[in-house]
Amino acid sequence: MASKRSLATKLGVVAGFEAPTAALEQYPTPPDLAAHVVHLADLHGDVDGRTVLDLGTGTGMLALAAALRGPARVFGIELDRGALSTATENERRVAASAPVHWIQADATRLPLDVPDPVTVVMNPPFGAQDGNRNADRGFLATASRAAAVSYSVHNAGSREFVEAFAADNGGDVTHAFAADFAIEAQFDHHADAAREIDTEVYRIEWE
């Protein structure tokens, strides 16, 4: 198994959003964080030979990280056609050997049945924008229906919500850890050139 650092280096070529939309909370997942999440999933046997599903894949960072670790196949689900176009270009840059299927769809209304066993990796919208409160709930609901296990990134302070949702939907939070999420200024309301926000990553096993 390649190191986490090696994986992060390979993901350094992944391009971000050309025209990000604030309402969709389109912030690119940092390579170091994507490498950390997928490396952990691989250590738990949740990637090799499995179907990996990236809900709200954006420009493909988590999907491509998984595709570098020997899954049977990867599906990247994204609503934004422009982001998927960039994801396709990123797939060529990364040169992953596993097949990656990019699908334009609402990740909270999964339009396909995927072969078992399924692992979900995702960085869903946090619900920080007005009118978008609890946006990550729909993504967790999809994971609960489709996956045997999921890895998801959430805003700091989400533990009570995530654990309660998992318990109510046949899930069990097995791992939780804090992670820094670096964000570069890309919207008018960003006052700083770059900043780090506190996030939390959860591994959930679903019935």
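Note that these values count all heavy atoms, side chains included, but never hydrogens, waters or copies made by symmetry.
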(message) Check whether S158 reaches the backbone of F161 with its side chain - one donor and one acceptor, N or O, closer than 3.5 Å.
(response) no

(request) Would you check if I103 and L112 make a side-chain contact, meaning some heavy-atom pair closer than 4.5 Å? (result) yes

(message) Taking E91 first and then R93, would you say they form a salt bridge - that is, a charged N and a carboxylate O separated by under 4.0 Å?
(response) no

(message) To the closest 0.5 Å, what do you measure between OG1 (T57) and CG (L62)?
(response) 7.0 Å

(message) In this structure, would V153 and V162 fall into the same cluster of hydrophobic residues linked by side-chain contacts under 4.5 Å?
(response) no

(request) For D168, look at atom CG and say whether over 12 heavy atoms of other residues, nucleotides or ligands are found less than 6.0 Å away. (result) yes

(message) Less than 4.5 Å apart, side chain to side chain, heavy atoms only: is that true for L140 and T142?
(response) no

(message) Please determine whether residues M122 and L64 belong to a single hydrophobic cluster, defined as Ile, Leu, Val, Met, Phe, Trp and Tyr linked transitively by side-chain heavy-atom distances below 4.5 Å.
(response) no

(message) Assess whether a salt bridge exists between D46 and R203, defined as any Lys/Arg side-chain N lying under 4.0 Å from an Asp/Glu carboxylate O.
(response) yes

(message) Using the ring centroid of each side chain, check whether H154 and Y202 are separated by less than 6.0 Å.
(response) yes

(message) Any side-chain to backbone donor/acceptor pair from N90 onto T59? Under 3.5 Å, distance only.
(response) yes

(message) Quick check on the 6.0 Å ring-centre criterion: do Y151 and H175 meet it?
(response) no

(request) Return the minimal non-hydrogen interatomic distance between V47 and V38, and the atom names on each side. (result) CG2-O, 4.3 Å

